[in-house]
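Shown next, in structure tokens, is the structure this report addresses.
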Number of protein chains: 2
Amino acid sequence: MTIKEIAEAAGVSTATVSRVLNNSDKVQGKTAERVLEVVEKLNYRPDHVARRMRVKTTNSLVFGLVITDIENPFFANVAKGVESVAFKNKHVLMICNTNEDPEKEKFFLNSMLSEKVSGVILVPTTGNAEFYDKLVSDGFPLVLVDRHPKGLNVDTVAINNEEGGYKAVKRLVDLGHTRIGIINGIKGLSNAEERFHGYKKALNEAGVPIIDELITYGNYVESGGRKATEALLTINEPPTAIFSTNNLMTLGCLKELYKRKISIPDDIALIGFDDSTWAEALIPPLTTVKQPGYELGVNAAELLIKRLNNPHSSIMNIVLNTELVIRNSCGGLKP
Amino acid sequence: MTIKEIAEAAGVSTATVSRVLNNSDKVQGKTAERVLEVVEKLNYRPDHVARRMRVKTTNSLVFGLVITDIENPFFANVAKGVESVAFKNKHVLMICNTNEDPEKEKFFLNSMLSEKVSGVILVPTTGNAEFYDKLVSDGFPLVLVDRHPKGLNVDTVAINNEEGGYKAVKRLVDLGHTRIGIINGIKGLSNAEERFHGYKKALNEAGVPIIDELITYGNYVESGGRKATEALLTINEPPTAIFSTNNLMTLGCLKELYKRKISIPDDIALIGFDDSTWAEALIPPLTTVKQPGYELGVNAAELLIKRLNNPHSSIMNIVLNTELVIRNSCGGLKP
DNA sequence: AAGTAAATTGTAATCGTTTACAGTCACAAA
DNA sequence: TTTGTGACTGTAAACGATTACAATTTACTT
């Protein structure tokens, strides 16, 4: 079913059909009606592929979204935010999942470029910075979310990770802890390093020494969180509190603690980063730094649209704030 | 950067470049090398849009995936399974999120058809059955996952929901419960009804009467689970065990129980459906019926590929089994 | 009635590939 | 030398839409 068949059936030219379909230009009311009737009757569906080939604008009706882990509820939130904006703009989403693999990421970005998406929202891994740079300088609409490779002049939407880390650790310090273990994310990722900065800042401010033994890395995955927890618990003088810097590692940590029958918050205090939907269902409910994942996605999508409408406006870097959600996994709550 | 420019730069025709790029046909080694060098040097990226327009096959390098809730870890699992197969086949995924809204679903399906995806994997909502039917009879490659509208002759991959529900409730019955509340999913959805069948079957087999008061509906969302739990707890003689038929409703249930300081498994037993990553981190860890979400996705994608390669082979309905994961939320475990 | 501007519609080129078909070339056989 | 045969390579026509430009019709003025 093509525009040509519609044209024939309605006794007009393809140009007229196209005009009616894009309800642009001036077509006589009667003619438009007749065409629309035929369109309806023949159940015609426009071919976006053909359209996109002809129309050189960025108007492809598809946005790309590249995330690192679709199974992490945080990124699911982000995706939902992006989706809601995309849908409002009649766009559809091409979502890819890199698993933090730079090669996969490159493949997906190339695929999306080949598919001529309008633009891409990307949670960057490490190692492809020059590639992004080339895309941006070629004028391709790209928005980075959640992470910001150093020295890159590109639109970004991220959260204030340092402040988030600071808040979390300050809370622990305020409750009297001085041996505070941290489970860090992936080395070299901006958000991981910033959260770590926040940790150090809070300790420094309180005059608490920073002890190497208490600094572990869990690479943002559950098994990493578990191993890191194990490491923290088996040192000479284990921490009295743990700051886990993402939700999956928190899960690993919880499981390890449960296995060892170490109870929260009595034996150890635990504070997480990222408020997942299950955080409140834990016993005790988890105190955590809440990241606005959905808003991150919404803002990224809106920024992308802004960029599309105005390719030469200056680069924007949006930073959203976190919120400390105090529940009971660090104690300190009135009963 | 088009194939034409490559052709000029390499001093050959566009046909030759195309042949080299699709490493088909016989092109002289030297020529191919020269072309590839130019491709490399000029950083050429094929235009899939143009390609797809010319090539009428189903070979579009894009699969569609329509799910109902990207924030539900179960569907994230499914998506990941689909993704892994897609990636192996150098395909990229167009993912849409219907939120159980039939209108949105229709819009997305139309979009995907317009984008000429190779085929679609769909978690169907209610109400668009005739639409699917038309697609399938038009020869469009469609695979349904997780749910199966009645009377539709279409490829499906689902789990054995009735057996899953049966296993869960049997476990409760075996532990001596006779007042077992159920929090059902969305009325009219095959998987919800099948799980409910399993519930009734287990009770009937044990000679336990089925009591209307104990049957509630939570529509597969957290708030629904919460309200349903509230309803169950405020009847005259509350249940001693609850079967929650999906993960989000289980979360709602847990929160309601926590609020009311009802402890698991001492005051009430709880069994869930769908083993989320957090289920094991709960205290006590959640006993649940595990659905193989990832495998569901893998199988759906493979079925889709099979369908693409062989459009006229007979319709397949794949059913995967569940597994009862016994933890401690129903009690009955040796300490 | 003729002329003119405005409104509507049609013609045909174009987007970047793929591919049927045709053409070229080298070399072996007659 | 001519002819036939592969092995390559090139030419040009699609694919389905959009749109500049041309053509036609309509409406209005004088």
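None of these values were measured; they are calculated from a predicted model. FYI, side chains are in, hydrogens and waters are out, and symmetry mates aren't considered; it's all heavy atoms of this structure. Naming convention: chains lettered A, B, ... in sequence-line order (proteins, then strands); numbering from 1 in each chain.
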Are any non-hydrogen side-chain atoms of A/M112 and A/M94 less than 4.5 angstrom apart?
yes
For the pair made of NZ in A/K30 and C1' in D/dT25, what is the distance, rounded to whole Å?
12 Å
Does D/dA7 have OP1 or OP2 sitting under 4.0 Å from an N or O in the side chain of B/Q28?
no
May I ask you to evaluate whether A/T31 reaches the phosphate of C/dT9, defined as a side-chain N or O under 4.0 Å from OP1 or OP2?
yes
Heavy-atom protein contacts under 4.0 Å, nucleotides 12-20 of chain D, coded B base, S sugar-phosphate only, - none:
BBBBBBBB-
Could I get the full list of side chain to side chain donor-acceptor pair (under 3.5 Å) partners for B/N219, not counting sequence neighbours?
none
Mind running salt bridge (charged side-chain N to carboxylate O under 4.0 Å, His left out) on B/K41 and B/E5 for me, showing each step along the way?
CA-CA 12 Å; B/K41 199 175 67 187; B/E5 298 173 64; over 6 Å; no
In terms of heavy-atom contacts, B/T68 and B/N97 come closest through C-ND2, 4.0 Å
So which atom in A/Y132 and which in A/P124 form the shortest heavy-atom distance, rounded to 0.1 Å?
OH-CB, 3.3 Å
